[in-house]
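Here the structure comes first, spelled out in structure tokens, and everything after it is commentary.
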Amino acid sequence: MTAPVFVVDRLDRIGPEFVLDGPEGRHAVSVKRLRPGEDVVLTDGRGRWAEGVVKAAEGKDRLVITDLESILEEPPPTPRITVVQALAKGDRGELAVETMTEVGVDAIVPWQASRCITQWKGDRGLKALGKWRATAREAGKQSRRVRFPEVEAAATTKQVGALLAAADFAAVLHESGEEPLTTADLPADGEIVLVVGPEGGVSPEELELFAQAGAKPYVLGPTVLRTSTAGTAAAVLLMGRTGRWN
């Protein structure tokens with residue numbers, strides 16, 4: 001996928017010619033400065049997409065697209081990779097979402113770990129979740145994906161344990177691990193779930209609950225990464241080892 005990607009709500013409503021307007025049209029015309037003859041991709045962010053050619057740029061926010069052919073669908077990748085990402089202070093959580101989206105993670109679950117400094121409560125939590133989802137959408141477009149990662153509602157530790165118990169492979173990134181993730185026995189398909197703790201680390205009680213759910217602790221290497229980068233580094237390793245980047 002090399003052409004710039006733009007999101008439309010309903011691909012089944014586009015015809016041979018389509019007008020992209022609103023925020024997406026403004027981005028195409030005023031930021032990307034697309035011109036007639038350039039290729040574009042329209043997607044619903046859920047795997048369905050269509051390629052077209054710019055016919056005209058009108059004003060500051062209208063892009064006329066033509067030569068739209070059949071709607072294609074990208075199948076869900078396998079194995080599916082979900083990262084449980086502990087809430088991080090400042091914009092580190094959004095940085096984690098952005099880079100994990102760029103490397104191809106399929107789902108991100110915000111986790112309110114016991115040692116998280118940041119708390120998602122009430123309207124503040126809804127606003128923070130909205131930022132994570134908007135970040136995933138924009139990073140999906142930037143990285144030319146047509147299937148954006150799902151960003152779930154914030155999960156409790158008990159809910160994370162249930163998610164791990166249902167996985168085909170479950171792991172917690174933690175310095176207590178005796179085996180590196182590079183040598184773990186990974187499934188060829190199914191669901192991989194990876195837990196990334198907060199800056200303060202995963203508590204012994206959380207580690208015990210996750211172990212009971214079947215999630216072993218693993219290390220990435222000789223250094224300790226920040227919560228904002230650990231999930232991305234692990235996802236890159238998993239993409240290569242499972243053949244998803246082949």
Side-chain angles (χ1 to χ4, degrees), residues 1-78 80-81 83 85 90-108 126-152 228-229 231-233 235-236 239-240 244-246:
M1 200 68 61
T2 57
V5 172
F6 299 95
V7 179
V8 295
D9 293 331
R10 294 281 300 275
L11 272 178
D12 56 2
R13 292 181 178 176
I14 66 174
E17 187 170 290
F18 180 77
V19 175
L20 185 70
D21 53 13
E24 292 291 275
R26 186 175 305 109
H27 185 73
V29 175
S30 300
V31 179
K32 288 289 189 180
R33 298 185 179 277
L34 296 179
R35 295 294 179 260
E38 295 189 75
D39 293 332
V40 295
V41 168
L42 302 180
T43 181
D44 60 3
R46 297 183 293 276
R48 303 180 77 212
W49 61 283
E51 191 170 25
V53 178
V54 176
K55 179 180 179 181
E58 301 173 349
K60 295 182 179 181
D61 61 358
R62 282 173 57 89
L63 196 73
V64 181
I65 303 168
T66 189
D67 292 344
L68 286 160
E69 298 182 355
S70 58
I71 297 171
L72 305 174
E73 184 158 5
E74 180 181 275
T78 188
R80 176 180 164 90
I81 298 175
V83 176
Q85 173 66 53
D91 61 356
R92 292 192 180 277
E94 292 162 47
L95 174 62
V97 171
E98 180 179 55
T99 53
M100 286 191 291
T101 298
E102 290 174 358
V103 300
V105 166
D106 303 298
I108 300 168
L126 292 175
K127 183 178 180 181
L129 177 60
K131 286 184 177 180
W132 279 35
R133 286 174 171 167
T135 297
R137 172 187 167 110
E138 293 307 309
K141 290 163 53 180
Q142 186 275 331
S143 54
R144 310 290 170 88
R145 291 180 63 170
V146 295
R147 187 178 291 277
F148 301 164
E150 302 167 14
V151 180
E152 308 290 350
S228 54
T229 54
T232 301
V236 168
M239 292 291 171
R244 283 187 47 174
W245 273 12
N246 288 352

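Nothing here was measured: the structure is a model prediction, and the numbers come from that model. Just so it is clear, the values below take in all heavy atoms, side chains as well, and ignore hydrogens, waters and symmetry mates.
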Within this structure, what is the [atom1]-[atom2] distance for the pair [X] and [Y], rounded to the nearest 0.5 Å?
X: F6; Y: K32; atom1: CZ; atom2: NZ; value: 6.5 Å
X: E24; Y: D61; atom1: CD; atom2: CG; value: 12.0 Å
X: L11; Y: I71; atom1: CG; atom2: CD1; value: 5.0 Å
X: L42; Y: F18; atom1: CG; atom2: CZ; value: 6.0 Å
X: T135; Y: L95; atom1: OG1; atom2: CG; value: 9.5 Å
X: S228; Y: Q85; atom1: OG; atom2: CD; value: 8.0 Å

*Show your reasoning for whether side-chain contact (heavy atoms from CB on, under 4.5 Å) applies to W49 and V5.*
CA-CA 9 Å; W49 61 283; V5 172; over 6 Å; no

*Under 4.0 Å between a Lys/Arg side-chain N and an Asp/Glu carboxylate O for R35 and E38?*
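Salt bridge absent between R35 and E38.
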
*Salt bridge or not for E150 and R80, using N-O below 4.0 Å?*
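Yes, E150 and R80 are salt-bridged.
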
Is there side-chain contact between [X] and [Y], with heavy atoms separated by less than 4.5 Å?
X: V19; Y: L63; result: no
X: M239; Y: I81; result: yes
X: I108; Y: M100; result: yes
X: I65; Y: K55; result: no

Quick check against the 3.5 Å criterion: does [X] have a side-chain atom that pairs as donor or acceptor with the backbone of [Y]?
X: T101; Y: G140; result: no
X: S30; Y: K60; result: yes
X: R62; Y: D21; result: no

_Checking side-chain contact (heavy atoms from CB on, under 4.5 Å) between L20 and each of L34, V64, V8, which is the one that passes?_
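For L20, the side-chain contact (heavy atoms from CB on, under 4.5 Å) check succeeds only for V8.
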
*asked:* With side-chain contact (heavy atoms from CB on, under 4.5 Å) as the criterion, how do T229 and T99 come out once you've worked through the C-alpha distance, each side chain's angles and the decisive distance to 0.1 Å?
replied: CA-CA 8 Å; T229 54; T99 53; over 6 Å; no

On a heavy-atom basis, which atom in [X] and which in [Y] lie closest, and how many Å separate them?
X: E98; Y: A139; answer: O-CB, 3.7 Å
X: T43; Y: R48; answer: OG1-O, 2.8 Å
X: P149; Y: A107; answer: CB-N, 4.3 Å
X: A235; Y: V103; answer: CB-CG2, 3.9 Å
X: D9; Y: D44; answer: O-CB, 4.4 Å
X: A56; Y: P36; answer: CA-CG, 4.3 Å

*asked:* Using the side chain to side chain contact (heavy atoms under 4.5 Å, CB included) criterion, which residues pair with P77? Sequence neighbours excluded.
replied: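 Partners of P77 under the side chain to side chain contact (heavy atoms under 4.5 Å, CB included) test: D106, R147, R244.
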
